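Computed from a predicted model, the values in this text were never measured in an experiment. Order of listing sets the numbers, starting from 1, for every ligand and every atom in it.
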Amino acid sequence: MEKTPFYITTPIYYPSDKLHIGHTYCTVATDAIARYKRLKGLDVMFLTGTDEHGQKIEDKAREAGVTPQQFVDHIVTAPGGILDLWKLMNISNDRFIRTTDDYHVEAIQKIFRKLYDNGDIYKGAYKGKYCKPCESFWTESQLKDGCCPDCGRPVTDAEEEAYFFRLSKYAGRVRDLLVNTDFLEPRSRVNEMVNNFIDPGLEDLCVSRTSFTWGVPVDFDPGHVVYVWVDALSNYITALGYQNGRYDDYDTFWPADVHIVGKEIVRFHAIIWPAMLMSLGLPLPKKVFGHGWLLLDGGKMSKSKGNVVDPYILAEKFGVDALRFFLLRTFPFGSDGNFSNELLIQTINTDLANDLGNLVSRTTAMVGKYFGGTLPAGSGATEDEKYLDELYAQARPTKSEVHLSFNFPEGDPVKYDVELLCAALQVRDAYETAMEHFAPHTALAEVFKVIQRANKYIDENAPWTLAKDMEANGGRLAHVLYNLLETARICGILLTPFMPDSCEKLFAQTGADENCRSWDSAAHWGVLPETAAVTKGENLFPRVDMEKALAELEQASEDARKAALPPIELEPLLTEEVDFDTFCKSDLRAVKVKACEAVKKSAKLLRFTLDDGTGTDRQILSGIHAWYEPEDLIGKTLVAIVNLPPRKMMGLESCGMLISAVHMEKGEECLHLLMVDDAIPAGAKLC
Ligand code: ME8
């Protein structure tokens, strides 16, 4: 049977800075959905990539002293770059598009010409505001406190000859699409689009630039490059082969099933993109889902704010699967969520170490301890349980229907079995409903209800008590353990899209081979062979020591921050001139250190007794204890300015100032006292 195609995309990322955990959130979520669809047997095309043109990139490349192509190549392909990050995060994209790829550039030129030939692009003059980081045009009235309404950063004046796309022409059709279909989700984003952008009047969109060159040239009007968002949005069709010969998947996969995008770029995907497609006469994507932001201390993460969280550090410390899981378990996908390391560690400890990890390790350990790793034949599903499985296969029975069918007396341990089975047999449906609604956090919550039920089942059955009399209770004990293995198997299948590697280990430990890992088998009981080989392997999710991990993370971020700093930073030279006479007024002298000691109760100050050649000792206080121990300075010849007015510090008088050289090294201030040749006599004037 032919598989149903499913096309899912993430935004294509700007290779302007290192990606942070917020970017990772979007791609991990999309990856989990793509893996879920593959698990269900769909023919998935999962696209991601990089958005490499635009003024921002051109500027950054210039700052870095390289060509824009060299600049983007480095960020995309170098170790620690975007491709590396997706590999680390186990992202299963089927295709990766770079907007500098030749086939894409060629297709963009054709698309631009098509829009022009359709009469939807005309030449005019652009005058307004431009936000470089967002590559967005704004009118004066759209600004928020004079800044970009999306990112809050300053905008620049822009005025140039430009081509315009007749966005206004499509306002009615786009409005209808948003209001009367479920094209855009969550629904709250529809109101945002309609109230903020469409109803106030949709203006035509400036779609070419002449003030920089790093973009796709308009082939019929050299000097113009295509606006980066027209270039970027089109990636979703060029990556399938639209208007190019590189791929041939357009007919199979277009229209896309869903574009997953962050909330600030919903505007481009839900207004501009449909209008472009309408103009090109192409079908519209079936859905745009606008997810929320990961916030840090209540604000958006951004490199310029210096508050980004590095996914490399977190993945290295806690493991990729734990990080993937945390992102999707904790934050409802459509809303904003506040990221914190504490929350991450808490989630790992509660859900992964305590709940899932314990279920697997306790169960496999007991199968090992009591049965040598293989349960006896006959420990699997009972006739009643097979009947229950059938009941669920036909319809989802209510709890009371199940109880009626079984009619077990109070206190009968079979009651626990039935409860566990019912929880496990209904979870796939609940999970599926949540995943189909882009609610991975709800899907995971459903799975964890079952895991928690299974841990309770261990306590209810107290296998360690049963094991005391194997002759009488061995059969029951084996059945209890089989039920636990079977529950772990079902949960493992549903968790695979989120934590592929860990679930692989879970299956290996619980003896669930390939035949027991299918989507179909996740809705059935009794699939695991009774005599499967069970092994207690490594702990899937070790507990994290919160305090220790937080301190290590802080250190790792600090190290990373320092490593990213320029090695040496010098104070900029002063441009203001000083006239010679003013300069000569500073009386700089060689001075010899007769005594030096730390000032009591001060962490910084050293008290110097100096020979300045006058025959009377001079006292100078200097805040340099961080760099020097007093005893190391005795006998040294230093330089002091001696005609500053005396100053009191910590109750002591300081008559002058010692001269030092200062610079920043890897973010830390470095200071060197100016020491001169000891042959220079005390009091010699420096000029
Ligand atoms: O917007 N939390 O690229 P981009 C959640 N090139 N998501 C976040 C986030 C955060 N803190 N920070 C960023 C672009 N993102 C364009 C897309 S598509 C044709 C062109 C998400 O690198 C953001 O919302 O700035 C967006 O969906 C994605 O990362 C890429 O952002």
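- The shortest N or O to N or O distance between Glu264 and ligand 1 is under 3.5 Å.
- Using a cut-off of 4.0 Å between Lys/Arg side-chain N and Asp/Glu carboxylate O, Glu432 and Lys40 are scored as salt-bridged.
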Legend entry - Worked verdict on Tyr236 versus Tyr242 for side-chain contact (heavy atoms from CB on, under 4.5 Å): CA-CA 9 Å; Tyr236 300 128; Tyr242 180 73; over 6 Å; no

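- Distance from atom 11 (N) of ligand 1 to its nearest protein heavy atom, with residue and atom name: Leu294 O, 3.0 Å.
- Side chain of Asp59 to main chain of Lys56: no donor-acceptor pair is present (N/O by atom type, distance under 3.5 Å, no hydrogens or angles).
- Of the protein's non-hydrogen atoms, Gly22 O, 3.4 Å is the one closest to atom 8 (C) of ligand 1.
- Side-chain contact between Asp150 and Arg267 is present, with at least one heavy-atom pair separated by less than 4.5 Å.
- Every atom of ligand 1 with a heavy atom of Tyr13 under 4.0 Å away is listed here by number and element: 22 (O), 28 (C), 29 (O), 30 (C).
- Ligand 1 lies within reach of Trp229, whose nearest heavy atom is under 4.0 Å from it.
- Under a 4.0 Å criterion applied to the non-hydrogen atoms of Gly262, ligand 1 contributes the atoms 24 (O), 27 (O).
- In this structure, the side chain of Asn93 does not engage the main chain of Leu47 through any donor-acceptor pair within 3.5 Å.
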Inset, instruction - Under the ring-ring contact (aromatic ring centres under 6.0 Å, His included) rule, what do Tyr36 and Phe6 come out as? Steps first, then yes or no, please. - result: CA-CA 11 Å; Tyr36 151 74; Phe6 184 84; 8.5 Å; no

Legend entry - Asp204 and Tyr122: CA distance, side-chain angles, deciding distance, side-chain hydrogen bond (donor to acceptor under 3.5 Å, both in side chains) verdict: CA-CA 10 Å; Asp204 287 350; Tyr122 62 92; 2.7 Å; yes

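- Of all protein heavy atoms, the one lying nearest to atom 25 (O) of ligand 1 is Tyr14 CD1, 3.3 Å.
- Counting protein heavy atoms only, atom 1 (O) of ligand 1 is closest to Ile265 CG2, 3.6 Å.
- The shortest N or O to N or O distance between Cys26 and ligand 1 is not under 3.5 Å.
- Counting the atoms of ligand 1 from 1 in the order shown, those under 4.0 Å from a heavy atom of Gly292 are 5 (C).
- The His23 neighbourhood of ligand 1 comprises atoms 13 (C), 22 (O), 29 (O), 31 (O), with distances under 4.0 Å to a heavy atom of that residue.
- For Lys60 and Phe71, the positive end is not near the middle of the six-membered ring at less than 6.0 Å and at most 45° from its axis.
- By the 4.0 Å heavy-atom criterion, Glu135 is excluded from the residues contacting ligand 1.
- Every atom of ligand 1 is numbered from 1 in the order shown, and the set under 4.0 Å from a heavy atom of Asp51 is 6 (N), 16 (C), 20 (C).
- Within the 4.5 Å cutoff, the side chain of Phe339 has no heavy atoms near those of the Thr330 side chain.
- Under the 6.0 Å distance and 45° angle rule, Arg62 does not count as a cation-pi partner of Phe212.
- Applying the 4.0 Å criterion to heavy atoms of Tyr236 picks out, from ligand 1, the atoms 18 (S), 19 (C).
- Between Ile12 and ligand 1, a contact under 3.5 Å exists for at least one N or O pair.
- Between the side chains of Thr50 and Glu52, a donor-acceptor pair is found at a separation under 3.5 Å.
- With ligand atoms numbered from 1 in the order given, ligand 1 contributes 18 (S), 19 (C) to contacts under 4.0 Å with heavy atoms of His269.
- Within ligand 1, counting atoms from 1 as listed, the ones closer than 4.0 Å to a heavy atom of His20 are 9 (C), 11 (N), 12 (N).
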